[in-house]
Amino acid sequence: GTVIISAGGNCTDIRKVVEPVLQKDAGSIYYINLSQDEFQLGGSSFAQILNTIGSETSTIKDAAFFKKAFNTIQELIGDNQIAAGHDIGSGGLITTLLEMCFADVNLGANFDISSLNEEDTIKVLFAENSGIVFQADASVEAVLSAQNIEFFTIGTANNSGIVSIKNKEDFISLEVSEMRDVWYRTSFLLDQKQTANN
C-alpha cells in the first residue's frame, strides 16, 4: 500500500562518506531547513499515529535555495569538513536527533532549538520538513554565510547517554538506550510477521 520512488545520482568519490553518528569532539551540531517552509504535521508519521492526515504538509518553498544549500553541503563533504550528518525524514527532527546517537554507546547531546522560532514543540520536533542536521567545525559557518544559507547552531554532543532538548520554556530529556529499544521494536515486530512459521 505504499508508493516507492527510486532515484539514482552521480557520486564523484565514494570514499567521501558522512555517517549519521555524532562525534564527541567534532564541533557543533547545525540544522538547515531545506524546505524553507513553516513546520507542518500533515502527512507526517506523527499524524499517522493519531489516525489523522492533516490538511497542511511541508513543501520546498524555494528550489534555488534548496539547490544552493545541497551543493554547498556536498562541497563541504568533499573538503572533509562535515563530521556527521543525517537527513530529516520520517519521524521528523526528534527522530533524526535520536538516531544520530543510536549507533554508539554512552553517546548523548544537548540541543536548544529555540532559535528555530516555533513555539509548538510537538510541531517542530515531529514535522517532516525537508532538512538536514550535521556536525562540523565552526569554520563551516563562514562558508554557509557567504552563500546566504540560513543555518542554526542547535547543540553539542557529549558522553552522557542522554538527549536533552530545550525549546523556549519546554525541556525534554530522553535516555538514548531506552529510545533505541523503542525505535528497534517496530522492526522487531515487523520481522516477526515476515518470518512467521520459522
Side-chain angles (χ1 to χ4, degrees), residues 20-24 26-62 65-66 69 73 84-104 106-136 138 141 144 149-187:
V21 185
L22 294 173
Q23 308 298 312
K24 290 164 188 156
S28 295
I29 303 165
Y30 299 91
Y31 166 79
I32 296 176
N33 182 356
L34 293 173
S35 74
Q36 290 294 286
D37 196 4
E38 295 178 18
F39 297 102
Q40 310 286 358
L41 291 175
S44 65
S45 297
F46 182 75
Q48 289 179 38
I49 64 163
L50 298 177
N51 202 28
T52 64
I53 297 174
S55 58
E56 294 183 72
T57 60
S58 61
T59 187
I60 303 293
K61 288 282 192 183
D62 185 341
F65 174 86
F66 181 94
I73 292 296
H86 198 309
D87 68 297
I88 296 168
S90 297
L93 180 60
I94 182 68
T95 304
T96 296
L97 299 181
L98 286 166
E99 284 180 346
M100 292 185 84
C101 294
F102 283 166
D104 201 353
N106 300 320
L107 180 58
N110 292 324
F111 296 104
D112 187 339
I113 58 172
S114 303
S115 61
L116 304 186
N117 290 319
E118 173 54 63
E119 298 286 338
D120 187 336
T121 300
I122 294 295
K123 193 178 274 189
V124 71
L125 289 178
F126 289 94
E128 296 178 3
N129 293 48
S130 180
I132 54 171
V133 171
F134 63 96
Q135 184 180 26
E141 296 182 17
L144 295 170
I149 296 169
E150 182 183 45
F151 65 92
F152 302 89
T153 308
I154 61 169
T156 54
N158 58 48
N159 58 3
S160 67
I162 302 289
V163 165
S164 65
I165 304 168
K166 180 182 184 303
N167 184 38
K168 312 254 189 253
E169 303 304 315
D170 292 341
F171 182 80
I172 300 164
S173 180
L174 303 166
E175 191 172 327
V176 173
S177 59
E178 181 184 345
M179 293 297 102
R180 185 191 294 115
D181 289 345
V182 172
W183 183 77
Y184 270 120
R185 181 154 178 75
T186 306
S187 296

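Computed from a predicted structure; not experimentally measured.
Annotation: Ile172, atom CD1; neighbour count of heavy atoms from other residues, nucleotides and ligands within 6.0 Å is above 12. Dense packing is recorded around CD of Glu99, with more than 12 heavy atoms of other residues, nucleotides or ligands lying under 6.0 Å away. Other residues, nucleotides and ligands contribute over 12 non-hydrogen atoms within 6.0 Å of the CZ atom of Phe171.
A donor-acceptor contact shorter than 3.5 Å is absent between the side chain of Asp104 and the backbone of Leu107. In this structure, the side chain of Thr96 engages the main chain of Asp87 through a donor-acceptor pair within 3.5 Å. Formation of a donor-acceptor pair under 3.5 Å by the Asn129 side chain with backbone atoms of Asn33 is not found in this model. A distance-only check finds a donor-acceptor pair linking the side chain of Asp37 to the backbone of Thr59 [under 3.5 Å]. Checking side-chain atoms of Lys168 against main-chain N and O of Ser114 turns up a donor-acceptor pair under 3.5 Å. A donor-acceptor distance shorter than 3.5 angstrom exists from the side chain of Glu118 to the backbone of Asp120, with no hydrogens or angles considered. A donor-acceptor pair under 3.5 Å links the side-chain atoms of Gln135 to the main chain of Gly27, judged by distance alone.
Of all heavy-atom pairs between Ala127 and Ile88, the closest is O-CG2, 4.4 Å. Contact detail for Gly43 and Ala47: the closest heavy-atom pair is N-CB, 4.4 Å. Considering every non-hydrogen atom in both Gly42 and Thr57, the closest pair reads O-CG2, 3.1 Å. For the pair Ala103 and Val21, the tightest heavy-atom approach, listed with the atom from each and the gap, is CB-CG2, 3.6 Å. Minimum heavy-atom separation, Val176 to Cys101: CG1-O, 3.7 Å. Smallest separation of non-hydrogen atoms from Phe151 and Leu144: CD2-CB, 3.7 Å.
Note that CD of Glu150 and CZ of Phe65 are 6.5 Å apart. Values are rounded to the nearest 0.5 Å. For the atom pair CG (Asp170) and CG (Leu125), the distance works out to 9.0 Å, reported to the nearest 0.5 Å. Between the CG atom of Asn167 and the OG atom of Ser115 there is a distance of 9.0 Å, given to the nearest 0.5 Å. Rounding to the nearest 0.5 angstrom, the gap separating the CG atom in Leu97 from the CD1 atom in Ile29 is 8.0 Å. Rounding to the nearest 0.5 angstrom, the gap separating the CG atom in Asp181 from the CD atom in Glu175 is 9.5 Å. Expressed to the nearest 0.5 Å, how far CD1 of Ile154 lies from CG of Asn110 amounts to 11.5 Å.
Counting heavy atoms from C-beta outward, Leu93 and Leu116 have side chains that approach closer than 4.5 Å. Side-chain contact between Ile73 and Phe134: present, with at least one pair of heavy atoms (C-beta onward) separated by less than 4.5 Å. Using a 4.5 Å heavy-atom threshold, the side chains of Ile113 and Lys166 count as separate. Looking only at side-chain heavy atoms (C-beta outward), Gln36 and Phe66 stay at 4.5 Å or farther from each other. Residues Met179 and Val163 are not in side-chain contact: their nearest non-hydrogen atoms beyond the backbone lie 4.5 Å or more apart. A 4.5 Å side-chain heavy-atom check between Leu50 and Leu41 finds every atom pair outside the cut-off.
Partner of Leu174 under the side chain to side chain contact (heavy atoms under 4.5 Å, CB included) criterion, chosen from Val182, Ile94, Ile162: Ile94. Each of Ser45, Ser35, Ser58, Ser90 was scored for a side-chain hydrogen bond (donor to acceptor under 3.5 Å, both in side chains) with Glu128, with one residue passing: Ser45.
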Notebook entry, point to check: Are Phe46 and Ile122 close enough, and set up right, to give a side-chain contact (heavy atoms from CB on, under 4.5 Å), and what steps lead you there?
Noted result: CA-CA 9 Å; Phe46 182 75; Ile122 294 295; 3.4 Å; yes
